[in-house]
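For reference, the structure discussed in these notes is given below.
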Amino acid sequence: MPLRIDIITALPELLHSFINYSIVKKAQEKKIVEINVLNLRDFSPLKHRKIDDYPYGGKGGMVFRIEPVYNAITYLKSQRNYDEIIYTTPDGVLYNQKMAIELSLKQNLIILCGHYKGVDFRIREHLITREISIGDYVLTGGELPAAVIADSIVRLLPGATGDETSILNDSFQDNLLSPPVYTRPAEFMGWKVPDILLSGNQKEIEEWKLQQAIERTKKLRPNLLNTSDYEKE
Ligand code: ADE
C-alpha cells in the first residue's frame, strides 16, 4: 500500500505545482505515495462556502471555523485510519530530518494547512495529533510548509528517487552535513577538484568524505554533533 498523504487546505491551487512536480509525480505514478488535496471550502456547511470568521474577544484577522475542518477530517477518518493529523503552524515543534524519517514510515497522514491568523483552538485541542513548524519565521499560510513536509517524506520512500544510496548519505541522516561534491571538468579556470576524488581509491575516498562531513558539521552546525540538542522535540 502506498503511503497516503491527505492535505486539507483553503488554497488547493498552491499545492498543484508541487504534486505535479517530477519526483513527486513519478512517485505517485509508481504507487509509492498517494497525495490527495482537499479543498476546505467543500466541507463548509455555510452559505458561500464560508470557512473563516472573526475571532472572539477582539480584533485581528480571520480564523478558521471548526465545522469545515471537523467535517473534512471526519470524512477522511471514515475512509481509513490515520497515523497522524498534522497541523502546520509557526508555534509547532521544529521540523527536522528525524521527524521526516519517522513520518515516512507511516501509512496514512493528514496535513491541515494553517491559516494566517490561525484556526479555532479547539481544532488543535481535539483533532490534531502533531503540530509542526518548518522554521522560526512566519509564512502567510501552511501550504508551503505542507509541501516541505510532504517533499521530505516522499524522497525517503524506497524507489522514489531511484538512488537510495544517495539518501543514506543525505545531510542530517547521521546528524552530519554532506561532504562537498564535484563533477567534470576536473579543472576549471584553475579551480581544481580535490585529487583524492580522482584517485580511484574508493576506501580512501570514503574516509575523506566522512572527514569532510565531520569538519563541515563542526564548523557550520556544531549543534548537530550534540545529538541531545538535535533530537530535542
Ligand atoms: N505557518 C506559517 N508559518 C509557518 C511555519 N514557519 N511553519 C509551519 N507553518 C507555518
Going by an N to O cut-off under 4.0 Å, is there a salt bridge joining [X] and [Y]?
X	Y	answer
D83	R4	no
D120	R65	no
K98	E102	no

Would you check if the side chain of [X] reaches a backbone N or O of [Y] as a donor-acceptor pair within less than 3.5 Å?
X	Y	result
K25	I19	no
T88	P145	no
D151	A147	no
S44	R41	no

Step by step, would you call Y87 with C113 a side-chain contact (heavy atoms from CB on, under 4.5 Å)?
CA-CA 6 Å; Y87 174 59; C113 299; over 6 Å; no
Using 30° and 60° as the class boundaries, would you call the ring planes of H115 and F64 parallel, tilted or perpendicular?
parallel
What's the shortest heavy-atom distance between I128 and E131, and which atoms?
CG2-CG, 3.8 Å
Could you grab the distance from atom CG of L197 to atom CG of D195, nearest 0.5 Å is fine?
9.0 Å
Hey, what do you get for CD1 (I86) to CZ (R130), rounding to the nearest 0.5 Å?
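Going from the CD1 atom of I86 to the CZ atom of R130 covers 6.5 Å.
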Sequence neighbours left out, what pairs pass side chain to side chain donor-acceptor pair (under 3.5 Å) with at least one residue falling in residues 133-149?
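Only T9-E143 qualify under side chain to side chain donor-acceptor pair (under 3.5 Å).
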Which residue pairs satisfy the side chain to side chain donor-acceptor pair (under 3.5 Å) criterion with at least one member in residues 103-114, sequence neighbours excluded?
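Matches after skipping sequence neighbours: none remain.
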Does D6 form a side-chain hydrogen bond (donor to acceptor under 3.5 Å, both in side chains) with Y82? I'd like the steps, not just the answer.
CA-CA 10 Å; D6 287 286; Y82 282 88; 2.6 Å; yes
Please name the residue in the list I111, L156, I5, I153 that meets the side-chain contact (heavy atoms from CB on, under 4.5 Å) test with L103.
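Only one option passes, and that is I153.
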Transitively linked via ILVMFWY side-chain contacts under 4.5 Å: V69 with L11?
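Cluster IDs for V69 and L11 differ.
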